[in-house]
Amino acid sequence: MKTIKMGIFGCNRGMNFANHIMMNNAEIVAVCDKDERWLNKAKEKLGDGVAYYSDFEEFFKHDMDAVLLANYFNEHAPFAIRFLEKGVHVLSECTPAGTMAECVELVEAAEKSTATYMICENYPFMTFNREITRICETGTLGKFMFAEGEYNHPGHGKDASFSRTYIPYEKHWRNYLPATYYCTHALAPLMYATGATPKRVTAFPIWAPPTEKIVCSKHSGDRTAIITTLNDDDSVFRFTGCAAFGHEENSYRVCGTKGQVENLRGTGGKISLNYSWWDKPENVENNSTVYEPEKNDPDQELIDKAGHGGGDFVVMREFLNALRENRRPKMDVYFATVMSAVAILSHRSLMEGGMPYDVPDFRKQEDRDKWREDRSTPFYGYNGEEPTIPCSSKPWHPSEEQLKAYFEGIKNR
Ligand SMILES: NC(=O)c1ccc[n+]([C@@H]2O[C@H](COP(=O)([O-])OP(=O)(O)OC[C@H]3O[C@@H](n4cnc5c(N)ncnc54)[C@H](O)[C@@H]3O)[C@@H](O)[C@H]2O)c1
């Protein structure tokens, strides 16, 4: 296949992938960001031979085979749809769709398109999660019954460095992000490893608003939510949105009828694998082991250098290989939009005291029709439209002191 020509839309997160695109033998032909700060950083890194755009419409006209969408969290679907209609392959950062209506529109656009859609979920490809998936695929754990996932990313708030880089203005999506909406990093590894798909969801918030004197501009007092899904194989998942428990660490566990596997907290990525002694596979010496996952991938050196436990390299490799091999990636539009639906409906659930919601099957016309007009959103819109639903389980806003520290902090970006 000819060299894949790729564009990058959104150069903050987007530029994290520049090396991985090139190392996977694709070419970056154009990038776009309306924020000069990020566009200039892209120019510094990529130099001549790449087209730089601050205007999306101009970028959209550029000839490319594939695009990485790393624009605002809640605005991926409308851009993905336009590229799919143009026949350009899409690798979209999370979340795939910001509303239930967009989930439907995205599925329908992907079905009509000749191009491939994949969600850029890197967490299933972290080294320990690849090992958990490998173990699950051996079948030795028996029938999957339960899995849990924690994406835990607290911010210290003692200085404004995070806000300066990631929350450049007050109405930014990060300030209005409900506790459940960023659940893909906790959920995708479970779906990827077990093959199960959520069918029903319920959630509770964990209310712990920051009251200290810190830099804070978030309009939610929920530090995370605990989301539970009943799945199509009768298993249950329990996972977080973006959690802010003390001590940053991500963890995952899958339990089957014969054994369980997890990455152990505090060990830098070791795996704990345990079988019932009577169900231990013959080729396994001990029924209970803790070990480092083997690092024997042909691209191991590049994986070791990549962000998010190697996931950033592997997710790009998976996307580009799927295009080259003309195959459907596992994390396709259905996989992606189920995660967005879980994110959105679990927020509704926690606003209603844990009311369960059926997760739509977007392959079915009746499920699409049920949700295609639902545009409720906790975020400010593309043209400054006001949010239509609250982002917090109880009303909460940063204190004057916290907001002042935020505005002071982002002044000199
Ligand atoms: N998978 C991961 O590990 C991971 C890590 C970080 C971020 N992300 C995701 O990547 C996405 C981007 O994250 P971020 O931290 O860079 O967010 P961000 O809000 O800082 O960046 C979005 C960028 O897109 C640009 N942009 C948005 N709309 C535009 C338009 N119409 N025209 C031109 N430029 C436009 C903005 O100027 C901004 O620089 C988010 O969806 C986030 O959730 C994923």
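When a ligand or atom number is given, it counts from 1 through the structure's own listing order.
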Using heavy atoms and a 4.0 Å limit, tell me yes or no: is [X] in contact with ligand 1?
{"X": "Tyr53", "answer": "no"}
{"X": "Cys11", "answer": "no"}
{"X": "His76", "answer": "yes"}
{"X": "Phe59", "answer": "no"}
{"X": "His185", "answer": "yes"}

Could an N or O of ligand 1 be found under 3.5 Å from any N or O of [X], whether backbone or side chain?
{"X": "Asn122", "value": "yes"}
{"X": "Asp312", "value": "no"}
{"X": "Phe9", "value": "no"}
{"X": "Tyr182", "value": "yes"}
{"X": "Asn12", "value": "yes"}
{"X": "Arg13", "value": "yes"}

Phe313/Glu318 under side chain to side chain contact (heavy atoms under 4.5 Å, CB included): CA gap, chis, key distance, verdict: CA-CA 9 Å; Phe313 177 87; Glu318 168 58 16; over 6 Å; no
Numbered atoms and elements of ligand 1 in range of [X], under 4.0 angstrom, heavy atoms:
{"X": "Cys94", "value": "40 (C), 41 (O), 42 (C), 43 (O)"}
{"X": "Tyr123", "value": "3 (O)"}
{"X": "Asp35", "value": "37 (O)"}
{"X": "His308", "value": "3 (O)"}
{"X": "Tyr166", "value": "15 (O)"}
{"X": "Tyr382", "value": "31 (N)"}
{"X": "Trp38", "value": "39 (O)"}

- prompt: Strictly under 6.0 Å, is that where the ring centroids of Phe79 and His76 end up?
  reply: no
- prompt: Centres of the Phe379 and Trp173 rings: under 6.0 Å?
  reply: no
With heavy-atom distances below 4.5 Å as the criterion, would you say the side chains of [X] and [Y] are in contact?
{"X": "Phe239", "Y": "Tyr151", "answer": "no"}
{"X": "Leu273", "Y": "Leu141", "answer": "yes"}
{"X": "Asp159", "Y": "Val215", "answer": "no"}

To check your reading of the model: name the closest protein heavy atom to [atom], its residue, and the distance in Å.
{"atom": "atom 11 (C) of ligand 1", "result": "Asn71 O, 3.4 Å"}
{"atom": "atom 15 (O) of ligand 1", "result": "Arg174 NH2, 3.0 Å"}
{"atom": "atom 34 (N) of ligand 1", "result": "Lys34 N, 3.0 Å"}
{"atom": "atom 27 (C) of ligand 1", "result": "Tyr72 CE1, 3.3 Å"}
{"atom": "atom 36 (C) of ligand 1", "result": "Asp33 OD1, 3.4 Å"}

task: Going by heavy-atom distance to atom 22 (C) of ligand 1, choose the closest among Cys120, Ala188, Ala70.
output: Ala70
message: Checking the side chain of Glu325 only, and the main-chain atoms of Arg327 only, is there a donor and an acceptor separated by less than 3.5 Å?
response: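 Pair absent, no side-chain N/O of Glu325 close to backbone of Arg327.
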With a 4.0 Å cut-off on N to O distance, would you call [X] and [Y] a salt bridge?
{"X": "Arg253", "Y": "Glu150", "value": "no"}
{"X": "Arg134", "Y": "Glu137", "value": "no"}
{"X": "Asp297", "Y": "Arg130", "value": "yes"}
{"X": "Asp299", "Y": "Arg317", "value": "yes"}

- request: Please assess Ile227 against Thr240 for the test side chain to side chain contact (heavy atoms under 4.5 Å, CB included), listing each intermediate value before the final yes or no.
  value: CA-CA 6 Å; Ile227 306 167; Thr240 61; over 6 Å; no
task: Test Phe128 against Glu262 for side chain to side chain contact (heavy atoms under 4.5 Å, CB included), laying out the working first.
output: CA-CA 8 Å; Phe128 54 73; Glu262 65 191 293; over 6 Å; no
Other residues, nucleotides, ligands: >12 heavy atoms within 6.0 Å of Glu212 CD: yes
